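First the structure, in the form of structure tokens, and then the observations on it.
Keep in mind that what you see is a predicted model, and the values were worked out from it rather than measured. Letters A, B, ... are given to chains in the order of the sequence lines, protein chains preceding strands, and every chain is numbered from 1.
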2 protein chains.
Amino acid sequence: MSAPTKRNTRQRRAIIDFLKTRKEFISAKELYSEMEDSKVGLSTIYRALSDLVNDGDLDVFIDNDGESRFRLCGSHHHHHLLCRKCGKSVEFQAPEAEALAERLGASEGFSEMEHRLEIIGTCRECV
Amino acid sequence: MSAPTKRNTRQRRAIIDFLKTRKEFISAKELYSEMEDSKVGLSTIYRALSDLVNDGDLDVFIDNDGESRFRLCGSHHHHHLLCRKCGKSVEFQAPEAEALAERLGASEGFSEMEHRLEIIGTCRECV
DNA sequence: TTGATAACGGGAATCATTGTCAATAAGCCG
DNA sequence: CGGCTTATTGACAATGATTCCCGTTATCAA
């Protein structure tokens with residue numbers, strides 16, 4: 001799955017290793033600062049992330065601030081339930097949502113579906 | 001649904017009127033150039049779009065270039081299926097999603113649920 | 001009509017991302 | 001083990017969408 005044409009550099013290894021330890025989505029900048037000990041340049045991080053996305057090894061989505069966030073594929077897909085007042089968030093799996101996405105997309109002739117489901121509510125403490 | 005605190009200015013009317021004639025999603029810049037004759041400043045367009053989104057009158061999504069694209073909402077709550085390559089979008093209703101959000105939220109002690117579901121895929125033409 | 005102030009607009013500022021290019025280091029061959 | 005070729009790196013500049021700033025203008029309640 002990884003492209004065979006890329007060289008196996010210290011920087012690229014460091015980035016992949018870091019991503020393996022990381023469950024949640026992370027932005028390029030965050031990766032840069034959390035990896036500062038590894039001495040990897042920001043440009044290199046952007047390039048590596050872009051390559052990994054093209055190779056299908058990373059999931060991406062663009063958040064509400066227009067910033068891309070990345071995560072290694074293959075961790076379990078989940079969604080967020082979050083409180084509109086305190087921001088507390090709970091992760092959950094929703095197999096129904098996976099199926100729904102697949103079915104609805106296919107019915108319109110779409111393929112390779114991804115989806116995002118976000119539920120916003122008021123939590124017990126904030127009512 | 002529109003906020004009552006906003007003034008009814010020529011510019012805001014022009015933007016809303018333009019959007020009413022427009023079925024597809026449009027970016028702020030495109031709106032700006034297509035509305036040249038109306039002499040509305042770019043800052044004003046960004047502000048108006050942002051207000052309309054906050055009031056729930058506009059749908060937005062961020063395309064693959066990180067650019068926001070806007071369109072007047074229909075009256076019913078709905079979700080979007082969109083093509084990751086050409087940006088074509090299809091609206092759909094998903095009563096299952098409403099029920100899912102309600103049930104999952106309640107099971108964690110949340111109330112007054114809202115939700116957003118977005119399905120991204122590759123459309124027939126872009127495969 | 002008038003006064004308070006929300007909205008405007010043009011340009012500067014911001015910030016994520018991409019481009020540039022000289023220096024560096026993988027991977028290969030002998 | 002060296003030396004060679006060339007992909008990769010990284011510091012910095014450039015880009016481009018969006019937001020900020022602030023003096024001016026327009027709305028609207030009184």
N/O donor to acceptor pairs below 3.5 angstrom from side-chain atoms of residues 11-20 of chain B, sequence neighbours left out:
| residue | atom | partner | partner atom | Å |
| --- | --- | --- | --- | --- |
| B/R12 | NH1 | B/D51 | OD2 | 3.0 |
| B/R12 | NH2 | B/D51 | OD2 | 3.2 |
| B/R13 | NH1 | B/N8 | O | 3.0 |
| B/R13 | NH1 | B/N8 | OD1 | 3.4 |

Checklist line | Atom-to-atom span, CD of A/E30 to C1' of C/dC15 - whole angstrom | finding: 14 Å

Notebook entry, point to check: Rounding to a whole Å, what distance do you find between B/L49:CG and C/dG9:C1'?
Noted result: 15 Å

Check: Which pairs count as salt bridge (Lys or Arg N to Asp or Glu O under 4.0 Å) when at least one residue sits in residues 25-37 of chain A, sequence neighbours excluded?
Finding: A/R22-A/E34, A/E30-A/R69

Next item on the list: Determine whether the side chains of B/H80 and B/R116 contain a donor N or O and an acceptor N or O closer than 3.5 Å.
Entry: no

Check: Which whole-number value in Å describes the distance from A/Y32 OH to C/dA16 P?
Finding: 13 Å

Checklist line | B/F25 atom CZ: more than 12 heavy-atom contacts under 6.0 Å | finding: yes

Margin query: Could you go through B/L117 and B/F92, starting from their C-alpha distance and side-chain angles, then the distance that decides it, and tell me whether this counts as side-chain contact (heavy atoms from CB on, under 4.5 Å)?
Written below: CA-CA 10 Å; B/L117 170 63; B/F92 64 89; 4.3 Å; yes

Next item on the list: Go through the steps to decide whether B/F70 and B/V53 satisfy the test side-chain contact (heavy atoms from CB on, under 4.5 Å), and finish with yes or no.
Entry: CA-CA 9 Å; B/F70 305 85; B/V53 168; 3.9 Å; yes

Margin query: For B/R103, give me all partners under side chain to side chain contact (heavy atoms under 4.5 Å, CB included), at least two apart in sequence or on another chain.
Written below: A/E96, B/L100

Checklist line | Side chain proximity check, B/L104 to A/L81, heavy atoms < 4.5 angstrom | finding: no

Item checked: Any side-chain heavy-atom pair of A/E102 and A/H115 under 4.5 Å -> no

Note to self: Run B/L82 and B/V90 through side-chain contact (heavy atoms from CB on, under 4.5 Å) and show every step you take.
What the structure shows: CA-CA 6 Å; B/L82 52 94; B/V90 179; over 6 Å; no

Next item on the list: Using whole Å, report how far CE of B/M35 lies from P of C/dC8.
Entry: 11 Å

Checklist line | Protein-to-nucleotide contact annotation, 5' to 3' order, nucleotides 14-25 of chain D [B base; S sugar-phosphate only; - none; under 4.0 Å, heavy atom] | finding: ---SBBBB----

Check: Is atom CZ of A/R10 surrounded by more than 12 heavy atoms (other residues, nucleotides or ligands) closer than 6.0 Å?
Finding: yes

Item checked: Rounded distance in Å - CG (A/N54) to C1' (C/dT18) -> 14 Å

Next item on the list: Return the angle between end axes of the helix from C/dT1-D/dA30 to C/dG30-D/dC1, with five pairs used per end and rounding to 10°.
Entry: 40°

Checklist line | Reading 5' to 3' through nucleotides 23-30 of chain C, protein heavy-atom contacts under 4.0 Å coded B for base, S for sugar-phosphate only, - for none | finding: ---BS---

